[in-house]
Participant: 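For reference, the structure I am asking about is given below.
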Number of protein chains: 2
Amino acid sequence: MSFPRRYRRTVTDRASAAGDQARARVLEVALDLFAAAGYRGTSIAQVAELAGLSQSGLLHHFPSKVALLVAALDHRDEIDGRLLEVDSQPPLGWAAFDALIALVRRNSQRPNQVRLFVTLSAEAIDPAHPAHDWVQQHYAGVYAWLTAAVEHGLDAGEFRSEVPVERFVHLTIAALDGLQIQWLVSGGELDMVGDFGAYVAAQKTRWGPVGG
Amino acid sequence: MSFPRRYRRTVTDRASAAGDQARARVLEVALDLFAAAGYRGTSIAQVAELAGLSQSGLLHHFPSKVALLVAALDHRDEIDGRLLEVDSQPPLGWAAFDALIALVRRNSQRPNQVRLFVTLSAEAIDPAHPAHDWVQQHYAGVYAWLTAAVEHGLDAGEFRSEVPVERFVHLTIAALDGLQIQWLVSGGELDMVGDFGAYVAAQKTRWGPVGG
DNA sequence: GTCTATAGGAGGATAGAC
DNA sequence: GTCTATCCTCCTATAGAC
């Protein structure tokens, strides 16, 4: 099956379909390996081998290891879609916490993705790490997203006015990250979804509206 | 200042005092560098240089990089002393949580030690990592220690009987680990001690005795 | 777009002198 | 106990053929 000539995109237009396929394979493998051994613990040769092309072939698509990392992170964000948004709108108030539970449930089905994030976050605490900016922006983004949700909930009367917003957000993010680590170390035995769900339920009781 | 001859330990008895000094310097530096860049991101040559001896000189004391890592982890446990014990007795009930707050306060004064633990834990999720067993045992130990404390508190009437012990322990450990990561990523700006203290205070309200 | 070949460097570990 | 010298492996990246 092939397109009629006039529908074909020219080479100068953009990469070929075969090239796209190779690119996609490389990104999938890179995500897995970076997840399994971190950025520094993974060689581009390993990625290339598992993706079924030579090291040089890989470097044709991603000119350096850093470029591959950045592309892999962007790819992750892309396939993540916008799980934390609904119809391009972020959920507000307690709905944001329900969205987080859904995220944890989804994460519990893809340990390698979780491992990529945990491994890379730790590695990239070092300011000299190529993903340092990415990690800082990631945390800043999550913090801003969750803070906005809580503050909106406050305005809407979904939260008691005494809720210490900043500490509350810090602890919620900590619960997410900390449970992920224990879940990974335990080899998936820990009930991450149940534990985080219990956390959210407790918070609803403590910080929900007085009459709730 | 030197010991009279008869008090000197012979060479065959054990390593010389100079050797001990070099060994100690190497361990201190190794802790710092492993903390800053992780195990895989640190070379023994770097450790040797900062410790003031050659790479081969280092390998005379620690025959391989893995041996150095294990020695450094043991050294960390040693200088940690037994902060979580008082008079060789672990605190029980809510006293265990107060001991954790003290631990967090102490950790907030030594970012490199925290970084070593966070970086290494993430790296060592990989079963092929030389510190994999160490990390698993670390988490198992903390879990057992905290579970025992809560169960003892239950018997003593310090906790409501409805407390979900396992989830409670998971979430407490998660709060510790998760706050450490955010604290490191923020460059120390996050109020880790205050956040964890607020967490413990909230738990005392929620799971403390009914009349408390 | 993919390959082989190779440059250029860093890391871990060993041999042997002092 | 510490050193210099060296080996070998692995890694990133480049050059150039097909």
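In the text below, chain A, chain B and the rest are named by the order of the sequence lines, each starting its count at 1. Computed over heavy atoms, backbone and side chain alike; hydrogens, waters and symmetry mates excluded. Small disclaimer: the values here were computed from a predicted structure and weren't measured.
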Participant: For B:Glu28, enumerate each residue passing the side-chain contact (heavy atoms from CB on, under 4.5 Å) test, keeping only those at least two apart in sequence or located in another chain.
Facilitator: B:His75
Participant: Please give, in whole Å, the distance from D:dT2 C1' to B:Arg23 CZ?
Facilitator: 16 Å
Participant: Round to a whole Å and report the spacing from CZ of B:Arg40 to C1' of C:dA10.
Facilitator: 17 Å
Participant: In terms of the angle between their ring planes, are A:Phe159 and A:Trp94 parallel, tilted or perpendicular, with boundaries placed at 30° and 60°?
Facilitator: parallel
Participant: Could you check which residues of residues 26-36 of chain A get a heavy atom under 4.0 Å from DNA chain D? Sort them by number, please.
Facilitator: none
Participant: Can you tell whether the side chains of B:Asp126 and B:Arg40 come within less than 4.0 Å, N to carboxylate O?
Facilitator: yes
Participant: Figure out the CG/P separation between B:Asp20 and D:dG1, and round it to whole Å.
Facilitator: 8 Å
Participant: Under 3.5 Å, is there a donor-acceptor pair between the side chain of B:Glu123 and the main chain of A:Ala37?
Facilitator: no
Participant: Side-chain N or O of B:His60 less than 4.0 angstrom from OP1 or OP2 on D:dG1?
Facilitator: yes
Participant: Could you pull out all residues at least two apart from B:Thr147 that satisfy side-chain contact (heavy atoms from CB on, under 4.5 Å)?
Facilitator: B:Tyr143, B:Glu151, B:Val165, B:Val169
Participant: Output all residues satisfying side-chain contact (heavy atoms from CB on, under 4.5 Å) with B:Thr172, sequence neighbours left out; order by chain, then residue number.
Facilitator: B:Phe97, B:Leu100, B:Leu146, B:Phe168, B:Phe196, B:Tyr199
Participant: Can you measure A:Glu49 atom CD to C:dT2 atom P for me and round it to whole angstrom units?
Facilitator: 17 Å
Participant: Treat primed atoms plus P, OP1 and OP2 as sugar-phosphate and everything else as base, then score nucleotides 13-18 of chain D 5' to 3': B for base contact with protein heavy atoms under 4.0 Å, S for sugar-phosphate contact only, - for none.
Facilitator: BBB---
Participant: Reading DNA chain D from 5' onward, which residue's closest nucleotide shows up sooner: B:Leu58 or A:Gly41?
Facilitator: B:Leu58
Participant: Pick base, sugar-phosphate or nothing for B:Ser43, based on heavy-atom distances below 4.0 Å to the nucleic acid.
Facilitator: sugar-phosphate
Participant: Please list all pairs meeting salt bridge (charged side-chain N to carboxylate O under 4.0 Å, His left out) that have one or both residues in residues 90-101 of chain B, counting only residues at least two apart or in different chains.
Facilitator: B:Asp98-B:Lys204
Participant: How many whole angstroms separate atom NE2 of B:His61 from atom P of C:dA13?
Facilitator: 16 Å
Participant: What is the separation between atom CG on B:Leu68 and atom C1' on C:dG12, rounded to the nearest whole Å?
Facilitator: 12 Å
Participant: Give the rounded distance in Å between these two atoms: CD of A:Gln46 and C1' of D:dT9.
Facilitator: 14 Å
Participant: Give the rounded distance in Å between these two atoms: CZ of B:Arg25 and C1' of D:dG1.
Facilitator: 12 Å
Participant: Hey, could you give me the CZ/NE2 distance between B:Arg23 and B:His60, rounded to the nearest 0.5 Å?
Facilitator: 10.5 Å
Participant: Please determine whether the number of non-hydrogen atoms from other residues, nucleotides or ligands lying under 6.0 Å from atom NE2 of A:His152 exceeds 12.
Facilitator: no
